[in-house]
Amino acid sequence: MPMSAHEVREALHELGDLRYAAGNLDDALRRIVHATHKLFAVDGAGLMLIDPDQLLRNVADSDERVDHLEELQIDHGEGPCVDAFEEKELIHAADLAAEARWPKFSPAAVERGLRAVLASPIPYNQTAIGVVVVFSTKVHPWSPEGELALVAFTDLAALTIANTMQSEQRGELATQLQRALDARVLIEQAKGALVARDGVTAKEAFEQMRRQARAERRRVVEVAGEIMSTAGRP
């Protein structure tokens with residue numbers, strides 16, 4: 001049964017207190033994920049935020065299989081959540097077995113039992129800081145109503161995060177997010193330096209730093225700092 005506008009309004013109404021509060025961010029995001037999972041009647045829902053290395057990490061989920069989405073996309077550097085985050089737009093895949101956009105991620109996801117994904121980027125200060133995602137273990141065409149509903153829950157998550165980030169008492173999760181936002185500045189500068197130096201795209205520059213970090217068992221932000229420390233030298 002497709003969700004109705006009434007069901008969406010009721011679900012958002014139950015979370016209405018989050019629009020004006022700056023309370024515990026962990027609890028707030030878990031409530032949003034739980035409501036999203038219940039409304040969509042899918043096999044799982046999750047919310048990912050960036051870490052200091054600009055990789056998407058789970059901070060709230062309704063099913064441990066959401067961990068597969070994180071792991072596979074970090075391992076392969078591609079996937080629906082990565083695209084939603086980077087392109088700042090809703091990304092849907094009704095059948096990952098027939099999906100050609102992510103040649104490494106899709107087969108691995110199907111092997112883990114993930115067949116359909118809908119991902120919406122979380123906006124913050126004209127950029128994206130994470131993704132709200134729902135997934136199904138079966139082929140699942142996403143309706144326009146479902147897509148609009150996920151955007152509504154994503155906007156609520158964004159507002160909740162913004163309220164908390166402006167609060168004097170942020171809590172641990174918000175503090176971690178601030179560190180990620182601070183690190184983003186350095187990583188973006190390093191990406192720009194590599195683009196200018198090597199003639200690669202911004203995405204290729206980040207993948208280059210990510211591969212180096214993994215090979216050397218270091219943080220991406222450390223590699224970025226090293227690049228900037230030598231930028232401009234003859």
Problem set entry | Joint hydrophobic cluster, Leu90 plus Val33, side-chain heavy atoms closer than 4.5 Å | yes

Exercise. Side chain of Glu99, backbone of Ser106: donor and acceptor closer than 3.5 Å?
Worked result: no

Exercise. Any idea which heavy atoms bring Ala174 and Met165 closest together, and the distance?
Worked result: O-SD, 3.6 Å

For this session: For residues Ala116 and Leu96, report the shortest heavy-atom separation together with the two atoms involved.
Result: N-CD1, 4.3 Å

For this session: Answer with yes or no whether the hydrophobic clustering places Val117 together with Val139; edges join I, L, V, M, F, W, Y residues whose side-chain heavy atoms lie under 4.5 Å apart.
Result: no

Exercise. Are any of the side-chain heavy atoms of Val110 and Arg115 separated by less than 4.5 Å?
Worked result: yes

Problem set entry | Under 3.5 Å donor-acceptor, Arg210 side chain and Ile74 backbone | yes

Exercise. Is there a side-chain contact between Val195 and Thr201 (heavy atoms, below 4.5 Å)?
Worked result: no

Exercise. Between NE2 of His68 and CZ of Phe135, what distance do you get to the nearest 0.5 Å?
Worked result: 8.0 Å

For this session: Taking all heavy atoms of Lys203 and all of Gly77, pick out the closest pair and write down the distance.
Result: CE-O, 4.5 Å

For this session: Mark yes when over 12 heavy atoms from residues, nucleotides or ligands other than His34 sit less than 6.0 Å from its NE2; otherwise mark no.
Result: no

Problem set entry | Within 6.0 Å of CD in Glu64, more than 12 heavy atoms from elsewhere | no

Problem set entry | Least distance between heavy atoms, Ala157 atom then Leu47 atom | CB-CD1, 3.9 Å

Exercise. Phe153 versus Ser120: any side-chain heavy-atom pair under 4.5 Å?
Worked result: no

Problem set entry | Verdict with supporting geometry, Arg30 and Asp27, salt bridge (charged side-chain N to carboxylate O under 4.0 Å, His left out) | CA-CA 5 Å; Arg30 278 194 290 267; Asp27 290 343; 2.5 Å; yes

For this session: Would you confirm whether His92, through its side chain, and Ala119, through its main-chain N or O, come within 3.5 Å as a donor-acceptor pair?
Result: no

Exercise. Taking it one step at a time, do Val132 and Ile32 satisfy side-chain contact (heavy atoms from CB on, under 4.5 Å)?
Worked result: CA-CA 9 Å; Val132 177; Ile32 292 172; 5.5 Å; no

For this session: Could you tell me whether the side chain of Leu49 reaches within less than 4.5 Å of the side chain of Leu29, counting heavy atoms only?
Result: yes

Exercise. Would you find a donor on one side and an acceptor on the other, under 3.5 Å apart, between the side chain of Asp43 and the backbone of Thr137?
Worked result: yes

Seminar exercise, completed: Rounded to the nearest 0.5 Å, the CD atom of Glu172 sits from the CG atom of Asn24 at a distance of 10.0 Å

Exercise. Between Leu148 and Leu118, is there a shared hydrophobic cluster once you connect ILVMFWY residues whose side-chain heavy atoms come closer than 4.5 Å?
Worked result: no

Exercise. Any luck finding a side-chain donor-acceptor pair between Glu204 and Gln208 under 3.5 Å?
Worked result: no

Exercise. Between Gln54 and Ala180, is there a donor-acceptor pair closer than 3.5 Å when you use the side chain of the first and the backbone of the second?
Worked result: yes

Seminar exercise, completed: Heavy-atom nearest pair, Phe105 first then Pro80, reads CE2-CD, 3.3 Å

Exercise. Got a second to check how far Lys104's NZ is from Gln73's CD, nearest 0.5 Å?
Worked result: 14.0 Å

Exercise. So do the side chains of Leu173 and Leu177 get within less than 4.5 Å of each other, counting heavy atoms only?
Worked result: no

Exercise. Does NZ in Lys38 sit with more than 12 non-hydrogen atoms of other residues, nucleotides or ligands closer than 6.0 Å?
Worked result: no

Exercise. Are Val200 and Met209 connected in the hydrophobic side-chain network, where two residues link if heavy atoms are under 4.5 Å apart?
Worked result: no

Expected list for residues 121-131: side-chain donor-acceptor pairs under 3.5 angstrom, two or more places apart:
residue	atom	partner	partner atom	Å
Thr127	OG1	Arg184	NH1	2.8

Exercise. Should Leu72 and Val82 be regarded as members of a common hydrophobic cluster, given that ILVMFWY residues are connected when their side-chain heavy atoms come within less than 4.5 Å of each other, either directly or indirectly?
Worked result: no

For this session: Find out whether Glu78 and Arg101 are in side-chain contact, i.e. whether some heavy atom of one side chain is under 4.5 Å from a heavy atom of the other.
Result: no

Exercise. Looking only at heavy atoms, what is the nearest atom pair of Thr36 and Val134, with distance?
Worked result: CG2-CG1, 3.6 Å

Exercise. What residues form a salt bridge (Lys or Arg N to Asp or Glu O under 4.0 Å) with Asp63, not counting sequence neighbours?
Worked result: Arg65

Exercise. Angle class for the His140/Trp142 ring planes (parallel below 30°, perpendicular above 60°, tilted otherwise)?
Worked result: parallel

Exercise. Distance from Arg197 atom CZ to Ile227 atom CD1, nearest 0.5 Å?
Worked result: 6.5 Å

For this session: Flag the pair Glu222 / Glu226 as yes when at least one side-chain heavy-atom distance between them is below 4.5 Å, and no otherwise.
Result: no

Exercise. Could you go step by step and tell me if Gln178 and Leu181 meet the side-chain contact (heavy atoms from CB on, under 4.5 Å) rule?
Worked result: CA-CA 5 Å; Gln178 185 61 57; Leu181 292 172; 4.2 Å; yes

For this session: State whether the side chain of Ser136 and the backbone N or O of Val42 hold a donor-acceptor pair below 3.5 Å, judged by distance alone.
Result: no

Problem set entry | Atom pair CE/CG of Met48 and Leu55 - distance to nearest 0.5 Å | 11.5 Å

Exercise. Do Leu69 and Leu114 come close enough that some side-chain heavy atom pair is under 4.5 Å?
Worked result: yes

Exercise. For Asp75, which residues count as a salt bridge (Lys or Arg N to Asp or Glu O under 4.0 Å) partner, sequence neighbours excluded?
Worked result: Arg214

For this session: Any chance you could measure Arg57, atom CZ, to Glu71, atom CD, to the nearest 0.5 Å?
Result: 10.0 Å

